[in-house]
Amino acid sequence: LSDASENFDTVESMLESELFTNPEPSLEEANELLEKGELLAGLEVFKQLLLQSSESSDIRLQYAKAIYQYTNNVAEASAELRKIAEDDPKAAEANLLMAEMAEEQNDLLLAKRFYEKAAILDEDIPGIFYKLGMLSTDFSEDLPKVAARYFKKAIKKAPEDPAAYYQYGI
């Protein structure tokens, strides 16, 4: 640093120079890199952002979404989502994403569990009760009453949804 500072008249000129300019990584930059197909660079920006603000559930959630969307690495995305759930037990969106990943992996029982957690934390998530009703019908003949309760809540939350009425009726 002392050798480099000899080339500048003032501390301000040194700090303003390109040599010492270290642009802060941004979520926009990370997402742009991912959209361009520069996966490693985009994920690296997310890692830098997490190092700067490891407490940020929002950054960690977006990082987990990016991992899952661009690499389909369920294990790594789930690990990031669990960190959110541990730090913020009210993280409905993290539970929702874990439910969607479990459902895509055809682990419907696990998906149902995460959807239930998400619904408890935020019952205004669009379609959550319909999804729970559909999952409840898949497991056992003892669950029609449980499914019916979910469909009833789905109708209450989205009265314009004819599928919820249909499922509630059968």
### Task
Apply side chain to side chain contact (heavy atoms under 4.5 Å, CB included) to T71 and L43, showing your working.
CA-CA 10 Å; T71 68; L43 293 174; 4.0 Å; yes

[X] side, atom [atom1]; [Y] side, atom [atom2] - distance, nearest 0.5 Å:
X    : Y    : atom1 : atom2 : result
E44  : L39  : CD    : CG    : 13.0 Å
Y68  : E100 : OH    : CD    : 8.5 Å
R149 : S136 : CZ    : OG    : 8.5 Å

### Task
Test salt bridge (charged side-chain N to carboxylate O under 4.0 Å, His left out) on K65 and E80 and set out the steps.
CA-CA 9 Å; K65 284 180 180 180; E80 293 299 325; over 6 Å; no

### Query
Is it the case that one hydrophobic cluster holds both L132 and L121, taking links as side-chain heavy atoms less than 4.5 Å apart, direct or via other members?
no

Residue pair [X] / [Y]: nearest heavy atoms and the distance that separates them:
X    : Y    : result
I67  : A77  : CG2-N, 3.8 Å
A118 : A92  : CB-O, 3.7 Å
L50  : S56  : CD2-O, 4.5 Å
F129 : A154 : CB-N, 3.7 Å

With a 4.5 Å limit on heavy-atom distance, are the side chains of [X] and [Y] in contact?
X    : Y   : value
L61  : L81 : yes
I128 : L96 : yes
Y63  : L27 : no
P25  : Q52 : yes
M98  : R82 : yes
Q62  : I59 : no
F114 : L97 : no
S26  : E29 : yes

### Task
Give the C-alpha distance, both sets of side-chain angles, the deciding distance and a yes or no for salt bridge (charged side-chain N to carboxylate O under 4.0 Å, His left out) between E116 and K112.
CA-CA 6 Å; E116 286 171 335; K112 183 177 179 285; 2.6 Å; yes

### Message
K153: which residues meet the salt bridge (Lys or Arg N to Asp or Glu O under 4.0 Å) condition with it, sequence neighbours left out?
### Response
none

### Intermediate values then yes/no, side chain to side chain contact (heavy atoms under 4.5 Å, CB included), N31 and F46
CA-CA 9 Å; N31 288 320; F46 270 113; 3.7 Å; yes

### Message
Taking the ring of F151 and the ring of Y130, is the distance between their centroids below 6.0 Å?
### Response
yes

### Task
Decide whether Y70 and E35 meet the rule of one side-chain donor and one side-chain acceptor closer than 3.5 Å.
no

### Query
Between E103 and Y115, do the side chains contain an N or O donor and an N or O acceptor separated by less than 3.5 Å?
yes

